*Asks:* 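Quick one: structure below, then a few questions.
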Protein chains: 2
Amino acid sequence: MRDVARAAGVSPALVSIVFREAAGASPRTREKVFATARSLGYVRDERARGLRSLQRDSIGITFRLDQPFQAAVVAGVYDAVNLAAHPIVTSPTSETRDEEEALSDLIANRCGAVIVLSSRLPADRLARIADDLPVVSIARTVDAPRVDWVASDERGGIRLAVDHLVELGHRDIVYLSDTGSAGGPERLEGFHDAVLAAGIRDSARAVGAGRTEDAGSAATLRLLDAGRLPTAIVGFNDRCALGVIDTLIRRGVRVPDEVSVVGFDDSEVAARSMIRMTSVRQDPIALARAAAERVMLRVGPGGGDLPAAGIVKPTSLTVRSTTAPPRVR
Amino acid sequence: MRDVARAAGVSPALVSIVFREAAGASPRTREKVFATARSLGYVRDERARGLRSLQRDSIGITFRLDQPFQAAVVAGVYDAVNLAAHPIVTSPTSETRDEEEALSDLIANRCGAVIVLSSRLPADRLARIADDLPVVSIARTVDAPRVDWVASDERGGIRLAVDHLVELGHRDIVYLSDTGSAGGPERLEGFHDAVLAAGIRDSARAVGAGRTEDAGSAATLRLLDAGRLPTAIVGFNDRCALGVIDTLIRRGVRVPDEVSVVGFDDSEVAARSMIRMTSVRQDPIALARAAAERVMLRVGPGGGDLPAAGIVKPTSLTVRSTTAPPRVR
DNA sequence: TATACTCGGGCGCGGCCGGTT
DNA sequence: AAACCGGCCGCGCCCGAGTAT
């Protein structure tokens with residue numbers, strides 16, 4: 001900043017004024033300062049800025065690196081946030097880097113608020129963090145004071161899937177559940193609701209599986225080996241459903257001729273590949289936008305006093321080629 | 001830190017000493033300070049730390065959010081870097097957030113070095129950045145002074161693919177190229193080399209395509225409509241190859257019975273789904289580790305004087321179910 | 001002399017002051 | 001009155017120089 005001031009022939013204080021877009025500089029000077037800064041490749045020191053400006057305005061995000069859906073949400077958050085007012089700090093998790101580490105990085109950077117994606121932390125842990133700074137959870141409902149959340153209508157989504165299958169004529173339906181994941185309990189409840197509403201309680205059932213291709217594959221193998229293959233399977237998510245399809249095909253079971261399969265997320269792989277999977281769609285951009293608005297409200301003046309809000313975004317069903325009427329026996 | 005000092009009954013400076021693991025504190029005091037810090041939920045302010053400690057030791061990374069391969073590399077970098085000595089700052093790019101923005105964030109955080117993944121910036125731009133701080137490029141060779149790079153053996157990878165196809169009996173091979181992407185030119189050269197070496201120059205050719213499913217699909221449609229379908233297609237990457245397979249199947253062309261397809265990256269989708277794609281494998285962990293070592297060398301004492309290094313990591317071929325001998329006509 | 005601890009200055013910036021053109 | 005200057009403080013921490021056992 002000193003260098004820019006010297007090069008532009010003005011005082012450092014004026015450069016500061018220009019960069020902050022504060023009053024007290026002529027348009028001509030503004031342009032001159034910006035120009036010299038550009039030619040010097042100068043960028044304000046974000047650390048010093050954050051350190052000095054007492055209000056902590058940056059927004060931290062934790063997300064899982066290997067989850068494309070979460071990547072889409074993160075991209076959406078960047079688009080929805082006013083970056084000039086709220087710099088974003090990302091802190092990814094992975095197989096070997098857990099959420100606590102990721103959060104601790106955000107706290108070390110003194111973020112003014114954090115957005116957690118599909119957090120698997122217990123509600124009371126999130127609540128403890130929310131004592132210090134606003135927490136907005138995406139794709140995970142949190143029943144805690146002061147923790148906001150934005151999630152898809154998981155219940156309704158599974159219901160769309162079941163209704164679609166019932167309409168096609170299916171009654172023998174299996175839902176592959178994963179209650180350990182964010183949204184898992186809601187999806188399971190949604191399945192039970194839908195099954196009751198459709199009056200197929202005796203022929204439909206849920207079994208535990210998981211959120212990966214391997215989990216879907218293993219669950220399918222168990223169904224095959226037990227000789228209890230249904231006419232339709234609803235996967236916990238697209239990855240799980242992919243494992244189902246893969247395994248069925250390998251065992252010579254045709255999809256959708258013999259077994260229909262529905263996924264959840266409507267991720268790119270469901271849409272693009274030769275899979276053409278019928279899937280429950282949740283809108284990452286809508287989730288991101290809602291969370292961004294909420295978090296900007298929180299870091300704004302008086303935002304700390306707002307009661308915790310839960311925002312539900314609708315889901316829809318994308319019908320493709322892995323669902324069809326059951327074979328008549 | 002003041003609060004911790006007060007609570008522990010010591011001076012702030014001593015707390016600093018303890019947290020830095022520097023000499024000058026008794027084991028008893030150390031434990032007491034850590035204990036009170038833990039009970040207060042205190043984490044050092046990363047911004048102030050970086051501001052004061054003149055040596056800029058943090059490592060910035062830019063990567064593309066919607067590229068799973070890059071996500072794997074980022075996870076690998078976290079594992080390979082000594083995080084206590086070198087905090088990592090991530091700065092993702094997306095459809096709407098370009099590399100320059102991402103880099104500017106890293107510069108604003110005064111990173112001591114940056115790792116760029118599959119950068120599409122021109123070499124002279126990277127060189128200009130490298131005037132100010134060490135730059136290590138992953139999955140993109142850079143011919144510039146002071147810019148290190150770590151990349152897979154793209155040439156050799158394509159050659160593995162072509163040799164595999166030739167061994168199966170293919171002569172009529174098309175390579176779908178994308179010279180606009182990192183590694184693109186090398187892969188194209190590798191294709192030409194391999195074709196020459198195999199003596200199939202008259203029947204093999206490269207055509208422009210792209211790096212997405214749509215690009216692969218469009219190129220395939222052009223081949224189909226021109227009536228010039230080869231017996232084997234090598235995609236620029238897995239996503240491109242996926243588009244190829246998808247389009248072939250929809251047009252009633254069986255894979256691999258009528259046309260063999262090879263991808264590049266050996267990403268999760270190639271391995272897991274019902275695709276079972278033969279693909280050239282590059283090792284994200286090896287790339288990450290090499291880059292991490294290089295960057296830690298650079299930020300270390302005397303690291304600035306090292307000449308630029310290019311490190312090539314070997315590729316391999318993962319043979320699955322999308323390649324087979326050509327149909328005898 | 002060594003070990004344990006304290007003190008004070010300053011990193012780059014923001015924000016406020018009185019003063020000058 | 002608007003545009004600008006110079007200076008000072010302090011955000012939270014690091015660190016060299018100092019003090020006390």
Side-chain angles (χ1 to χ4, degrees), chain A residues 1-34 36-37 40-58 84-87 104-112 132-133, chain B residues 1-34 36-37 40-58 84-87 104-112 132-133:
Chain A
M1 192 170 249
R2 264 208 338 264
D3 301 339
V4 175
R6 206 163 21 223
V10 294
S11 75
L14 188 54
V15 177
S16 172
I17 285 173
V18 170
F19 268 98
R20 279 180 285 139
E21 320 226 325
S26 69
R28 251 174 55 85
T29 319
R30 292 199 120 78
E31 192 40 54
K32 192 172 61 181
V33 169
F34 277 133
T36 52
L40 289 178
Y42 170 78
V43 185
R44 262 190 307 180
D45 189 325
E46 194 57 50
R47 302 168 310 177
R49 214 185 68 81
L51 194 57
R52 168 59 203 171
S53 65
L54 322 155
Q55 78 265 35
R56 305 178 341 182
D57 42 18
S58 68
H86 304 285
S104 153
D105 257 25
L106 296 180
I107 293 169
N109 280 288
R110 298 297 188 264
C111 289
D132 294 331
L133 78 174
Chain B
M1 188 168 254
R2 262 206 342 261
D3 301 339
V4 175
R6 206 163 19 223
V10 294
S11 74
L14 189 55
V15 177
S16 172
I17 287 173
V18 170
F19 268 98
R20 279 179 287 139
E21 320 228 326
S26 69
R28 252 175 53 86
T29 319
R30 291 200 122 76
E31 192 39 56
K32 192 173 61 182
V33 168
F34 277 132
T36 51
L40 290 176
Y42 169 78
V43 184
R44 262 192 307 181
D45 189 325
E46 194 58 49
R47 302 169 310 176
R49 213 186 69 82
L51 191 59
R52 171 58 207 176
S53 65
L54 323 156
Q55 79 265 34
R56 301 173 350 176
D57 43 18
S58 68
H86 304 285
S104 150
D105 257 24
L106 296 181
I107 293 170
N109 280 288
R110 298 297 187 264
C111 288
D132 295 331
L133 78 174

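Sequence lines set the chain letters: A, B, ... in the order given, protein chains first and strands last, and positions in each chain run from 1. Because the structure is a prediction, the values reported are computed rather than measured.
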*Asks:* If you round to the nearest 0.5 Å, how far is CD1 of B/Ile107 from CZ of A/Arg44?
*Replies:* 15.0 Å

*Asks:* Given atom CZ of B/Arg30 and atom P of C/dA4, what is their separation to the nearest angstrom?
*Replies:* 9 Å

*Asks:* In whole angstrom, what separates B/Asp3's CG from D/dG12's P?
*Replies:* 9 Å

*Asks:* For the pair made of CZ in A/Arg2 and C1' in C/dC13, what is the distance, rounded to whole Å?
*Replies:* 12 Å

*Asks:* Look at the side chain of B/Arg49 against the base of D/dC13 and say whether a donor-acceptor pair falls under 3.5 Å; ignore hydrogens and angles.
*Replies:* no

*Asks:* How is B/Gly9 classified with respect to the nucleic acid when contacts are heavy atoms under 4.0 Å: base, sugar-phosphate, or nothing?
*Replies:* nothing

*Asks:* Calculate the interatomic distance between B/Ile17 atom CD1 and C/dC5 atom P; express it in whole Å.
*Replies:* 9 Å

*Asks:* On the nucleotide C/dC13, are OP1 or OP2 found under 4.0 Å from the side-chain N or O atoms that A/Tyr42 carries?
*Replies:* yes

*Asks:* What integer distance in Å separates A/Arg28:CZ from D/dC4:C1'?
*Replies:* 13 Å

*Asks:* Which part of the nucleic acid, if any, lies within reach of A/Arg110 when heavy atoms closer than 4.0 Å are counted: base, sugar-phosphate only, or nothing?
*Replies:* sugar-phosphate

*Asks:* Say you draw a straight line from OG of B/Ser26 to CG of B/Leu14; how long is it, rounded to the nearest 0.5 Å?
*Replies:* 8.0 Å

*Asks:* So, do A/Leu51 and B/Asp45 sit near enough that their side-chain heavy atoms are less than 4.5 Å apart?
*Replies:* yes

*Asks:* At under 4.0 Å, does any side-chain N or O of A/Arg47 touch on OP1 or OP2 of D/dC11?
*Replies:* no

*Asks:* Would you compute the distance between atom CG of B/Leu106 and atom CD of A/Glu46 and round it to the nearest 0.5 angstrom?
*Replies:* 11.5 Å

*Asks:* Nearest nucleotide by nearest heavy atom, which residue falls closer to the 5' end of DNA chain C, B/Leu14 or A/Arg44?
*Replies:* B/Leu14

*Asks:* Look up atom CG in B/Leu40 and atom CZ in B/Arg6, then write down how far apart they are to the nearest 0.5 Å.
*Replies:* 10.5 Å

*Asks:* Return the minimal non-hydrogen interatomic distance between A/Leu133 and A/Cys111, and the atom names on each side.
*Replies:* CD1-O, 3.1 Å

*Asks:* Answer yes or no: is there a donor N or O on one side and an acceptor on the other, between the side chain of B/Arg47 and the main chain of A/Gly50, under 3.5 Å?
*Replies:* yes

*Asks:* How long is the span from the CG atom in A/Asn109 to the CG atom in B/Asn109, to the nearest 0.5 Å?
*Replies:* 7.0 Å

*Asks:* Taking the side chain of A/Thr29 as heavy atoms from C-beta outward, which of C/dC13, D/dA3, D/dG12 is closest to it?
*Replies:* D/dA3

*Asks:* Just the table, please: protein N/O against nucleotides 18-21 of chain D N/O, every pair under 3.5 Å.
*Replies:*
none

*Asks:* Without decimals, in angstroms, what is the distance between A/Arg52 CZ and D/dC13 P?
*Replies:* 16 Å

*Asks:* Give each protein N/O atom lying under 3.5 Å from an N/O atom of nucleotides 16-21 of chain C, with the pair distance.
*Replies:*
none

*Asks:* Between D/dC11 atom P and B/Leu51 atom CG, what is the distance in whole Å?
*Replies:* 13 Å

*Asks:* Could you tell me whether the phosphate oxygens of C/dC13, OP1 or OP2, come under 4.0 Å of any side-chain nitrogen or oxygen in A/Ser16?
*Replies:* no

*Asks:* Any chance you could measure A/Ser11, atom OG, to A/Ile17, atom CD1, to the nearest 0.5 Å?
*Replies:* 7.0 Å

*Asks:* Atom CG of A/Asp45 and atom P of C/dG14: how far apart are they, to the nearest Å?
*Replies:* 9 Å

*Asks:* Check whether any side-chain N or O of A/Arg30 sits under 3.5 Å from a backbone N or O of A/Ala25 as a donor-acceptor pair, and report yes or no.
*Replies:* yes

*Asks:* Indicate whether OP1 or OP2 belonging to D/dC4 is found under 4.0 Å from a side-chain N or O atom of A/Ser26.
*Replies:* yes

